[in-house]
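Below is one structure, written out as structure tokens; the observations come after it.
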Amino acid sequence: MAILPSFTGSGASDKKPHEGEIAYLKNLVSQLNSKIENLETKAKTAASQAAEKVKGAATAAAASATSVMTPAQQLRMILVGPPGAGKGTQAPQIRDKFFVCHLATGDMLRDEVAKQTQLGKEAKKIMDSGGLVSDDIMVGMIKNQLSTNKECKNGFILDGFPRTVPQAEKLDQMLTERKEKVDNVVELKIDDSLLISRITGRLIHLPSGRTYHREFNPPKKPMTDDVSGEPLTQRSDDNVETLRKRLASYHNTTGPVLDYYKKQGIWQQIDAAQSPKVVWDSLQKVLAK
């Protein structure tokens, strides 16, 4: 502890009482204020430098996310599974994590028709006449997306295509022309009986797309959307008879396609009867290989 000087003795009587002590304390306060200012300046400088580092890291991360990956880093996959297996839940998570485009063929077809592209016009004529859109048109639409959709520059997830071996062969041919190939085919496997239970209990809020389930995720008020209070509906094809037909068709057509990719050594299967989080963790492990 600093000892204040004594102001007694010779000449002390010539000064006002405590004048020396006040002068000393003022000097001490001045030194403390100066030290505080220096510390504050250093703190501001350190905070500014830290903020710049954070900003730089964020910029680098954003640049990495939007940059074009090398072919080895890109993700080109096909997600396979029957209706209700969880493709609609998992595909957006894959898209967001790997910065790739999600090409659900049904949505893509509707988009091409709405935009009145040449392929869309051709597809609309066929559909209006009751026919099936040809494999060449479907592959052409995929090729168009890969060429023009910026979200596809780092790869893609195909959902709902190919459904037949000829479609798989045409897809491979188109990708070979682009010097690309499918790297992963992931099948979401689940028993038909569980699927039927899942789907027949599904309820949808059409304006938002929010989904509920009578048993697993019921709305707070029966048949009413929790957010808007509007009525929920059940899709007309979400009934047992229709589902059995859809599942039979899926198994008959998909089996040979899966065999096609098994021979290429790029097929893997995930148990989709688990919770969505467990399925997502399994998917990440598969795609990290």
Would you list the pairs meeting salt bridge (charged side-chain N to carboxylate O under 4.0 Å, His left out) in which at least one residue belongs to residues 249-269, sequence neighbours left out?
-> Asp259-Lys262
Contacts of type side chain to side chain contact (heavy atoms under 4.5 Å, CB included), residue Lys189, not counting sequence neighbours = Glu187, Gln269
With sequence neighbours left out, what residues match Lys245 under salt bridge (charged side-chain N to carboxylate O under 4.0 Å, His left out)?
-> Glu241
With sequence neighbours left out, what residues match Lys181 under side chain to side chain donor-acceptor pair (under 3.5 Å)?
-> Asp183
Do Ile266 and Ile78 come close enough that some side-chain heavy atom pair is under 4.5 Å?
-> no
In Å and rounded to the nearest 0.5 Å, what is the OH to CZ distance from Tyr212 to Arg202?
-> 14.5 Å
With sequence neighbours excluded, residues passing salt bridge (charged side-chain N to carboxylate O under 4.0 Å, His left out) with Arg214 | none
Any disulfide (SG to SG under 2.5 Å) pairs touching residues 241-289, not counting sequence neighbours?
-> none
Would you say the side chain of Pro162 lies within less than 4.5 Å of the side chain of Met138, judging by non-hydrogen atoms?
-> no
State which residues pass side chain to side chain donor-acceptor pair (under 3.5 Å) with Arg244; sequence neighbours excluded, sorted by chain then number.
-> none
Once you round to the nearest 0.5 Å, how far does CD of Gln116 lie from NZ of Lys121?
-> 6.0 Å
Sorted by first residue and then second, give each salt bridge (charged side-chain N to carboxylate O under 4.0 Å, His left out) pair with at least one member in residues 125-140; sequence neighbours left out.
-> Lys124-Asp128, Asp136-Lys170
Salt bridge (charged side-chain N to carboxylate O under 4.0 Å, His left out) pairs, two or more places apart, involving residues 217-234 = Arg210-Asp225
Among all residues two or more places apart in sequence or in another chain, which pass the salt bridge (charged side-chain N to carboxylate O under 4.0 Å, His left out) test with Asp107?
-> Arg110
Kindly write out the residues that satisfy side chain to side chain donor-acceptor pair (under 3.5 Å) with Asn149, not counting sequence neighbours, or none if the list is empty.
-> Gln145
Residue set satisfying ring-ring contact (aromatic ring centres under 6.0 Å, His included) with His213, at least two apart, ordered chain then number -> Phe216
